[in-house]
There are 2 protein chains.
Amino acid sequence: MDGTKGKPPRRSRPVRVAEEIKGWVVAHDLRRGDKLPSETEMIARFGVSKGTVREAMRILEAQGLVQTRTGPGGGSFVGEVTAERAKELLANYFYFQELSVSDIYQVRRALEPELAASLAGKLSAAQLAELQGIAEAYAAPAADAEEEMQQHVASLAFHARLADFSQNRLLGFIIAFMARILTDLTVYRRLYEPPNFELWDRGRRHQIDLVEALRAGRAEEARAIMRSHMEGAEALMNQQEARVLRRFIG
Amino acid sequence: MDGTKGKPPRRSRPVRVAEEIKGWVVAHDLRRGDKLPSETEMIARFGVSKGTVREAMRILEAQGLVQTRTGPGGGSFVGEVTAERAKELLANYFYFQELSVSDIYQVRRALEPELAASLAGKLSAAQLAELQGIAEAYAAPAADAEEEMQQHVASLAFHARLADFSQNRLLGFIIAFMARILTDLTVYRRLYEPPNFELWDRGRRHQIDLVEALRAGRAEEARAIMRSHMEGAEALMNQQEARVLRRFIG
DNA sequence: TAAGATTTGTTCGTATGTATC
DNA sequence: GGATACATACGAACAAATCTT
């Protein structure tokens, strides 16, 4: 009946059902919120048991492709994959890849200045105010390690928020994703407590200057500030990483 | 018993079990191939039914985190997320995002020259030969539309392969992912049949010159060639997209 | 507020398939 | 080939969530 008798690794029934449903969604160009057949219908349509259908739905749910509700009018619906979900799934991949700080900064150095330049003169007053608020939130020296960590995370949140404002979804996603990885690294490996206060303070002022350049619509100045900011941030993280390594060794 | 009585959207039991297993893998620093408890053990450990455990495993399987085998010595194993799987999951996200050709090229213009420069003098003879083979495969003019499409796909495969060779997994992944999206666009929207042969031929020669520069270890020349190549490729795709739009309108 | 209808959520028992020894 | 150990799949029953009246 089915032509899948070759050597391929014999996908299980739930996987095949999930693939058929996904193909059905694409073929019919279904959009967010559109309803899928009910469990009972799928049982009949695919000739499988209830458990198999449910496993198939879980597979699609895990990818963010469908959402499910109980009760009358309930069922499964096409659910647009959120950026948050996509970042989680991608983080799973890089969990095994052992990225170095300089790997991430090679990409940041190339992309963040481009983002800054492309946003000059394009942000609303509210967006500029929000960015300024984040940058100024950590103006005062940190009182303890906990506060230092929060400041470090906030400075990354600045970049993530800037990325959210991009019209270019791909560029915005990549930059926000890197900010997320760096946040994880910061918290997990305790890469805060700036070992070089002068460098850290310069980075903070970069962000405030950047908001000004964006407000004034000076694209090339924004690009230059961000380029300089990236160099400083990389140097800072490298010093911190080196310190962590020294702590491990001796 | 469980403290999850707040307003959060009540994650279902399989989802919670999947999260617990994932946390357990991270906490124990399990690596590819390590074995997870059997179905029966999990039923006992989490106090849920077999169906629930199976749904949880499907969730993890869909993310590429575990693989499952039947038979004695079988069970569930930690399975490194492959780059291919990660690209598929990410493509699901951008399926709903309506990226434009210029969105993609804004990122390519920033990253591909960087990749080229960083690979100069770093590739083996075999790798260089493979790239040269891809580039020369479409030297002859295409005989029909089918062959034109294959040439266009091959020219994108050149970039994907170059990305695979990068030591920087993040940079390599992003570039290979963009090549994949562009391939989908090319095939799905029929963006082949170069409307400007001169431009297309120049792109082909760029790739051959690039291989030479990489072999000789001339990083800045490689960067410059790639930068020029990106400009030409973007112009070409914009002409093609415009042609597709005209076809739709009139 | 309460009852009923509808749909997913979960469990259990049983049977089958598959790979290893 | 047979025994063993494991996942895979089915079906029936009941539980829980949510909408309607």
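So you know, we letter chains A, B, ... as the sequences are listed, proteins then strands, and number each from 1.
Atoms CE (B:Met42) and P (C:dT10) sit 17 Å apart, rounded to a whole Å. Distance A:Met57 CE to C:dT10 P: 14 Å, rounded to the nearest Å. Rounded to whole Å, the distance from CZ on A:Arg16 to C1' on D:dA9 is 12 Å. Taking atom CZ of residue A:Arg69 and atom P of nucleotide D:dT20, one finds them 12 Å apart after rounding to whole Å. At whole-Å resolution of the value, CD in A:Glu39 and P in D:dA15 are 18 Å apart. Residue B:Arg11 contributes atom CZ, which lies 17 Å from atom C1' of D:dA17 at whole-angstrom precision.
A salt bridge links B:Asp164 to B:Arg161: one of the charged nitrogens lies within less than 4.0 Å of a carboxylate oxygen.
For A:Arg54, a side-chain nitrogen or oxygen approaches OP1 or OP2 of C:dG9 to under 4.0 Å.
Here the side chain of A:Gln127 pairs a donor or acceptor atom with the backbone of A:Ser124 at under 3.5 angstrom. Checked by atom type and distance alone, the side chain of A:Asp103 never pairs as donor or acceptor with a backbone atom of B:Asn168 at under 3.5 Å.
Contacts of A:Arg85 classified as side chain to side chain donor-acceptor pair (under 3.5 Å), with partners at least two apart in sequence or in another chain: A:Glu88.
Residues B:Gln67 and B:Glu61 have side chains that never bring a donor and an acceptor to within less than 3.5 angstrom of each other.
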Legend entry - Contact letters for nucleotides 11-21 of chain C, in which S counts primed atoms plus P, OP1 and OP2 and B counts the base, heavy atoms under 4.0 Å: B--B--BBBB-
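Each of A:Arg58 and A:Gly74 was matched to the nucleotide of DNA chain C holding its nearest heavy atom; the match closer to the 5' end belongs to A:Gly74.
Other residues, nucleotides and ligands contribute over 12 non-hydrogen atoms within 6.0 Å of the NZ atom of A:Lys35.
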